[in-house]
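Reminder, nothing fancy here: chain letters follow the sequence lines and each chain counts from 1.
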Amino acid sequence: MDFNDTPEEAAFRAEARTWLSSVAAPRDTRTSFAIGQETGEFEAEFPAQRVWQQKKYDAGFGAIYFPQDVGGRGGTSLQNMTFMQEEARFDVPVTAHFMIVNRGCCSLLMKHGTPEQKALIPATLRSDLIWCQLFSEPAAGSDLAGLRTRAEKDGDDWVVNGQKIWTSNAQMADWGVLIARTDSNVPKHKGLTFFIVDMKSAGIERRPIKQLTGASNFNEVFFNDLRIPDAHRVGAVGEGWRVAVAFLSGERTNIAIKELMPLIGGIVNLARQTEINGRPAIEDGEVRARIASFYIREAGVRFTVQRMLTALSRGETPGPEITIGKYTLANLVQEMTAFALDLQHAAGAVMSPAFAPFDAVFQSEWFGSVIDRLGGGTDEVLKNVVGERILGLPEDIRVDKTMPFNQVGK
Amino acid sequence: MDFDFSDEQKTIRDEARKLLSARCDRHRVRKLLEDKAPYDKELWATVAENGWLGTAIAEDFGGLGLGHVSLCVIAEELGRALAPLPVSSSLYLAAEALVLSGDTTMQQELLPALASGQLIGTLALSEAMLPQHALSRLKTRVVGGQLSGIKLPVPHGQIADFAVVVAHNENGGVGLYHVDLRGPGVETQPLQTIDAAQPQARIVFRDAPARLLSADGERIVPKLLDRASVLIAFEQIGGATAALESACEYAKIRKAFGRQIGSFQAIKHKLADMYTKIEIARSNAFYAAWALEADAPELALAAAAARLAATEAFEFAAKETIQVHGGIGATWEADPHLFYRRARALGSLLDSTPVWRDRLVEELERQFAA
């Protein structure tokens with residue numbers, strides 16, 4: 001048990017810090033603690049985020065744990081974590097949001113892709129290409145395997161018809177990962193196949209969805225006789241569910257490695273600046289109790305990630321405990337930001353950046369926190385995963401599980 | 001960074017679990033409870049023979065010198081087995097207090113006997129409803145080498161051979177004193193407690209001979225409480241994990257409405273919440289274990305977080321394990337009340353949740369200086 005850097009780890013940290021200081025200004029943690037959730041302003045923020053990702057990539061810090069032959073650094077997950085810790089000290093755009101999907105697509109293609117598909121990886125890691133995830137449908141959210149978008153073989157192509165929904169970034173995506181039904185005569189999990197989609201293809205229509213923030217970053221995506229070459233199939237026909245599950249578990253881990261300590265520091269500072277009963281709020285017992293409870297969960301997830309990284313660095317399979325990270329952090333951000341608004345008293349409901357504390361960052365992260373509780377598996381679905389896969393509890397009754405998909409609901 | 005137990009520590013864990021499942025099963029724990037025995041003497045002799053008590057005591061003082069992370073490993077197993085042993089009082093409190101006091105003469109005299117289990121020590125700090133961190137308000141006092149006042153509750157006070165007593169000196173400072181509990185001027189009264197296996201006593205001192213260990217109580221006691229709270233956190237996590245296992249087992253066999261109750265999301269999600277709290281506590285406790293052994297400056301923050309998370313996890317696991325068991329969970333015959341008792345007893349042992357929360361935020365305030 002040693003929490004300190006080894007000499008090699010310390011050398012990497014120093015290298016990262018030196019490079020970061022040469023390209024960015026230190027972050028003022030008293031005033032800056034945006035954590036880069038999906039706030040709905042993505043189109044405006046994206047150009048600067050892409051430039052930063054490209055800069056990191058070119059310096060060898062943008063794809064740390066990917067092998068060199070696909071354009072990565074050939075480093076470790078631990079180095080990636082170290083870089084994230086150091087990056088959080090600097091005033092730089094947050095790239096986590098779109099890179100979660102981009103990295104997920106790259107990991108997927110490395111494992112299941114053909115050489116032609118793998119050729120897309122370097123440009124994706126550099127964020128020259130942006131990807132979107134065509135999974136959820138109006139009638140298939142938590143029950144993703146109940147999706148209805150059909151892909152039918154026609155010569156060397158697949159012809160796709162159907163609709164996806166809640167697709168982040170589809171409006172600017174170059175590529176998408178798609179799961180579609182290729183066989184309705186077998187039970188729902190067995191008739192699915194995974195594809196990559198060139199989003200410039202004919203037969204794709206995107207319609208923005210106005211989100212609760214008022215901005216639009218989600219889309220509906222309609223496929224009308226979209227033709228996908230069979231060369232863009234990922235994995236075997238009928239194996240799509242397995243591929244999708246692997247993809248989603250990666251996404252959950254990525255959400256779990258957000259750096260939230262700056263947000264906790266922000267709340268401590270905010271509580272110094274506002275008052276309760278004529279005293280600084282930080283002296284109030286309930287305020288202290290809430291802050292303590294935030295820290296415990298934040299540190300708990302952070303150190304759970306360290307346990308995972310240790311297992312990886314020892315060449316062991318990480319334990320299942322990281323599953324708790326995604327829903328713990330998503331709920332935590334929602335609670336913390338709501339509490340920060342409480343600390344602002346009546347001004348908590350003001351969104352004008354000029355008048356809301358810290359440019360309204362708590363207000364906008366409070367809206368953003370809604371998304372992380374849903375995307376990549378809702379709290380409820382993930383607790384089923386913990387109950388069934390980790391604790392070995394029996395499955396709930398699933399009436400459609402073994403029935404051919406075309407008989408479901410009849 | 002290497003954030004896990006070593007292979008050697010994992011071996012210690014496996015051996016400890018094997019021994020305790022053979023020698024300290026639930027029947028044994030229950031028998032001690034029903035006999036109202038303050039501790040399991042036979043088991044104490046066995047774990048002493050196996051060297052467990054000397055795990056973190058330096059080799060120069062008759063211990064094994066394996067370090068505190070190894071003692072954390074053993075603590076988790078003791079907690080999992082609900083072992084009725086005075087390990088916390090004798091080692092996490094008394095031995096740690098002796099080491100922190102810096103009194104090498106008394107260390108030479110007492111640590112080897114604590115490591116061998118020949119003596120049982122404890123810490124006499126609490127005075128009724130005063131928080132343990134509220135040192136300035138202690139009423140016990142040492143005048144001319146003689147201690148007077150009342151300590152309540154003193155963990156394992158009725159079986160301990162000696163106590164490290166925290167009391168005011170003649171000048172109003174806070175000192176640590178060694179007092180022979182078998183000596184003159186000591187009147188010990190066993191108390192009824194929530195958990196009979198975590199016995200407590202009321203001790204009245206009337207001019208009891210007290211030897212000064214350190215006059216630096218203001219510095220030493222908070223550190224002692226930090227260090228002990230990390231070890232207790234591992235006991236709490238062990239107990240919480242055992243409670244979760246028992247609830248899961250029951251949820252798989254008990255049927256209602258024609259199905260195993262564990263298939264209902266109301267039960268499944270409750271158990272998932274238990275697991276979540278336990279893993280949050282475990283990860284915080286890992287960090288605290290490192291800070292404890294390394295004596296890192298992060299110890300105060302890490303110990304408070306580990307203490308709070310482990311207390312919450314064990315209390316939640318214990319009460320919800322009863323809930324999952326339904327009516328049977330509220331009976332004497334079923335096991336869940338053993339967890340319920342132990343969770344509360346350990347939650348009270350070292351300052352309460354509000355006190356630790358306050359300490360945690362003090363550390364955060366330091367970290368995020370204005």
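In terms of heavy-atom pairs under 4.5 Å with chain A, the best-connected choice from A285(B), A251(B), S283(B) is S283(B). Per-residue counts of heavy-atom pairs under 4.5 Å with chain A were compared for L364(B), I267(B), I278(B), L244(B); the largest is that of L364(B). Among V361(B), D273(B), L301(B), the residue with the largest count of heavy-atom pairs under 4.5 Å with chain A is V361(B). Note on L393(A), I264(A), V386(A), I291(A): by heavy-atom pairs under 4.5 Å with chain B, the leading option is L393(A). Taking chain B as the reference chain and counting heavy-atom pairs below 4.5 Å, the highest number among E321(A), Q306(A), E9(A) is found for Q306(A). Note: H269(B) leads H269(B), R357(B), E279(B) in heavy-atom pairs under 4.5 Å with chain A. Of the residues considered (L271(B), T353(B), V69(B), I280(B)), I280(B) shows the highest number of contacts with chain A, using heavy-atom pairs under 4.5 Å. With chain B as partner, the option from A292(A), G285(A), S293(A), G387(A) having the largest number of non-hydrogen pairs under 4.5 angstrom is A292(A). When each of L309(A), L391(A), T6(A) is checked for heavy-atom pairs under 4.5 Å with chain B, L391(A) comes out on top.
Looking at Y295(A), the atoms closer than 4.5 Å to chain B (heavy atoms on both sides) all sit in the side chain, from C-beta outward. Interface remark: I296(A) contributes backbone and side-chain atoms alike to the contact with chain B (heavy atom separation under 4.5 Å). In this structure, chain B has heavy atoms under 4.5 Å from both the backbone and the side chain of I397(A). Using a 4.5 Å cut-off between heavy atoms, D5(A) contacts chain B through its backbone alone, with no side-chain atom that close. For T304(A), the parts lying near chain B are the backbone and the side chain together; criterion is any non-hydrogen pair under 4.5 Å. For A294(B), no part sits under 4.5 Å from any heavy atom of chain A, backbone or side chain.
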H68(B)/W290(B) under ring pair (Phe, Tyr, Trp, His ring centres under 6.0 Å): CA gap, chis, key distance, verdict: CA-CA 8 Å; H68(B) 283 80; W290(B) 163 76; over 10 Å; no
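One finds no salt bridge joining R13(B) and E76(B) here, because no Lys/Arg side-chain nitrogen approaches an Asp/Glu carboxylate oxygen to under 4.0 Å. In summary, R359(B) and E362(B) do not engage in a salt bridge, as defined by a charged side-chain N under 4.0 Å from a carboxylate O. A salt bridge does not link K326(A) with D372(A): none of the charged nitrogens is closer than 4.0 Å to a carboxylate oxygen. Using a cut-off of 4.0 Å between Lys/Arg side-chain N and Asp/Glu carboxylate O, R307(B) and E235(B) are scored as not salt-bridged. The pair R288(A)-E365(B) meets the salt-bridge criterion, with a side-chain N (NZ, NE, NH1 or NH2) lying under 4.0 Å from an Asp/Glu carboxylate O.
Between F286(B) and F5(B), the distance from one ring center to the other falls under 6.0 angstrom. Ring centroid separation for the pair F294(A) and F339(A) comes in under the 6.0 Å cut-off.
Judged by distance alone, the side chain of R307(A) and the main-chain N or O of R282(B) form no donor-acceptor pair under 3.5 Å.
The local environment of NZ in K10(B) is crowded, with over 12 non-hydrogen atoms from other residues, nucleotides or ligands closer than 6.0 Å.
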